[in-house]
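Scroll down for the structure; my scribbles are underneath it.
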Amino acid sequence: GSASWIVMARLMTDFGSDAIAGYTIAIRWLIFFILPAFGLSNAAATLVGQNLGAGLPELAEKSVWQTAKYNAIFMFCVTLLFITAPDLLARIMSDNAAVQSVTVQALRIISLGFVFYGIGMVMMNAFNGAGDTRTPTLVYFVWFWLIQIPLAYLLAIYWDFGPKGIFIAIVTAEACITITTMLLFRKGRWKKIQI
C-alpha cells in the first residue's frame, strides 16, 4: 500500500514543481494529523489478538467496532480542520501562492475520505491482530495498484483533470478499501484463523 504512494507522487511530477511541492506539503499534514489514528488502529490489533487468544471472538469484534467509531470521530474532526483552514496550513509551510493552491486543493479533497481512512485502518489492523495478513495484502493490492493508480492516471492525465484527478483517485480508493474491508470483516472468517 505504501509503495503505491510513490507512483502517485510520480504522476504528480507531470504537473510541475509547484504541484509536487503542494502535494508533498498536503501529504505531510495528512501524516502528521493521522498519527493518533494510526495509534488507535494499532490498539485494535492488540485487542483482537488478546480477545481471540482468550476465546472471546465476539468481544474481539465489539472492540474493533468501538475503536473504529472513535477513530472515525477523530478523523471527522481532522476533516473539519482541513476543510475550514487549509489556507492557514498551506501558508505555514510555503509562501508560494501556486504551491499553496495545490496544497489547499489536496487537503480539501483528500480529507473527504478521512472518516473512511480512519475506519479502514482499524479494520486492516483487526485482520492483522487475528493473524490474517493475507486479506489486507490482497485488498491493498487490488484497490491501490489495480484501481487507484490507473484511475489517477486516467483522471489526471488522460482526462486532463490535473492534480485534482490524483486527489479524487486517492479518496475513491480509500473509500472502496474501507467498504471492502468492512464487508470482509463482517463475514467473520478472521475469527477462525489459526495461528
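Starting from 1, each residue takes its place in the sequence as its number. Keep in mind that the numbers below use all heavy atoms, side chains included, and drop hydrogens, waters and symmetry copies.
When hydrophobic clusters are built by joining Ile, Leu, Val, Met, Phe, Trp and Tyr residues whose side-chain heavy atoms come closer than 4.5 Å, directly or via intermediates, Val139 is grouped together with Trp5. One hydrophobic cluster, built from ILVMFWY side chains closer than 4.5 Å, cannot hold both Leu40 and Phe127; they sit in different ones. Taken together through direct or relayed side-chain contacts under 4.5 Å among Ile, Leu, Val, Met, Phe, Trp and Tyr, Val122 and Leu35 form part of one hydrophobic cluster. Under the 4.5 Å side-chain contact rule for hydrophobic residues, Leu107 and Phe76 share a cluster. Cluster membership check: Val99 shares its hydrophobic cluster with Ile31, using side-chain heavy-atom separations under 4.5 Å among Ile, Leu, Val, Met, Phe, Trp and Tyr.
Ring geometry for Phe38 against Tyr117 counts as perpendicular: the plane angle is over 60°, on a 0 to 90° scale with 30° as the lower cut. Using cut-offs of 30° and 60° for the angle between ring planes, the Phe32 and Trp29 rings count as perpendicular.
Between the side chains of Arg134 and Thr137, no donor N or O sits under 3.5 Å from an acceptor N or O.
We find the CG-CH2 distance between Leu151 and Trp159 to be 7.5 Å, quoted to the nearest 0.5 Å. A distance of 4.5 Å separates CD1 in Ile27 from CD1 in Ile110, rounded to the nearest 0.5 Å. The CD atom of Glu174 lies 12.5 Å from the CG atom of Leu112; values are rounded to the nearest 0.5 Å. Distance CG/Leu81 to CZ/Phe114: 9.5 Å, rounded to 0.5 Å. Put simply, NZ on Lys192 and NZ on Lys187 are 11.5 Å apart, with the number rounded to the nearest 0.5 Å. The line from CG of Asp14 to OH of Tyr153 is 8.5 Å long, rounded to the nearest 0.5 Å.
Looking at Thr103 and Ser94, their side chains never come closer than 4.5 Å, going by heavy atoms from C-beta outward. For the pair Glu61/Trp190, a side-chain contact is recorded, criterion being any heavy-atom separation below 4.5 Å from C-beta on. Taking the side chain as every heavy atom from C-beta outward, Val7 and Phe144 never approach each other to under 4.5 Å. A heavy-atom distance below 4.5 Å is found between the side chains of Ile157 and Leu11. Side-chain contact between Met123 and Val64 is present, with at least one heavy-atom pair separated by less than 4.5 Å. Contact of the Tyr23 side chain with the Pro163 side chain is not registered, since no non-hydrogen atoms from C-beta on lie closer than 4.5 Å. Counting only heavy atoms from C-beta outward, the side chains of Asp18 and Val102 never approach each other to under 4.5 Å. At least one side-chain heavy atom of Arg91 sits under 4.5 Å from a side-chain heavy atom of Leu88.
For the pair Asp87 and Arg108, the salt-bridge criterion is met [side-chain N within less than 4.0 Å of a carboxylate O].
With a 6.0 Å radius and a threshold of 12 heavy atoms from other residues, nucleotides or ligands, Tyr70 has its OH atom at or below the threshold.
Contact detail for Arg189 and Thr135: the closest heavy-atom pair is NH2-OG1, 3.5 Å. The minimum heavy-atom distance between Ile166 and Ala156, with the atom names listed, is CG1-CB, 3.6 Å. What you find for Leu47 and Ser63 is that their closest heavy atoms are CB-OG, 3.6 Å. When all heavy atoms of Ser111 and Ile83 are compared, the closest pair comes out as OG-CG1, 3.7 Å. The two atoms that bring Ile20 and Ala9 nearest to each other are CD1-O, 3.4 Å, heavy atoms only. Annotation for Ile149 and Ser4: closest pair CD1-CB, 3.9 Å, computed over non-hydrogen atoms.
Each of Ile170, Thr172, Ile177 was evaluated against Gln148; a single residue qualifies, Ile170, per the side-chain contact (heavy atoms from CB on, under 4.5 Å) test.
You'll find the ring centres of Phe33 and Phe82 inside the 6.0 Å limit.
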Exercise for review: Evaluate side-chain contact (heavy atoms from CB on, under 4.5 Å) for Lys69 paired with Ile73, printing each intermediate quantity in order.
Suggested key: CA-CA 6 Å; Lys69 179 177 90 172; Ile73 291 168; 4.2 Å; yes
Review point. Which is it for Met182 and Phe116 under the side-chain contact (heavy atoms from CB on, under 4.5 Å) test, yes or no, and what are the steps along the way?
Key: CA-CA 10 Å; Met182 288 174 71; Phe116 285 108; over 6 Å; no
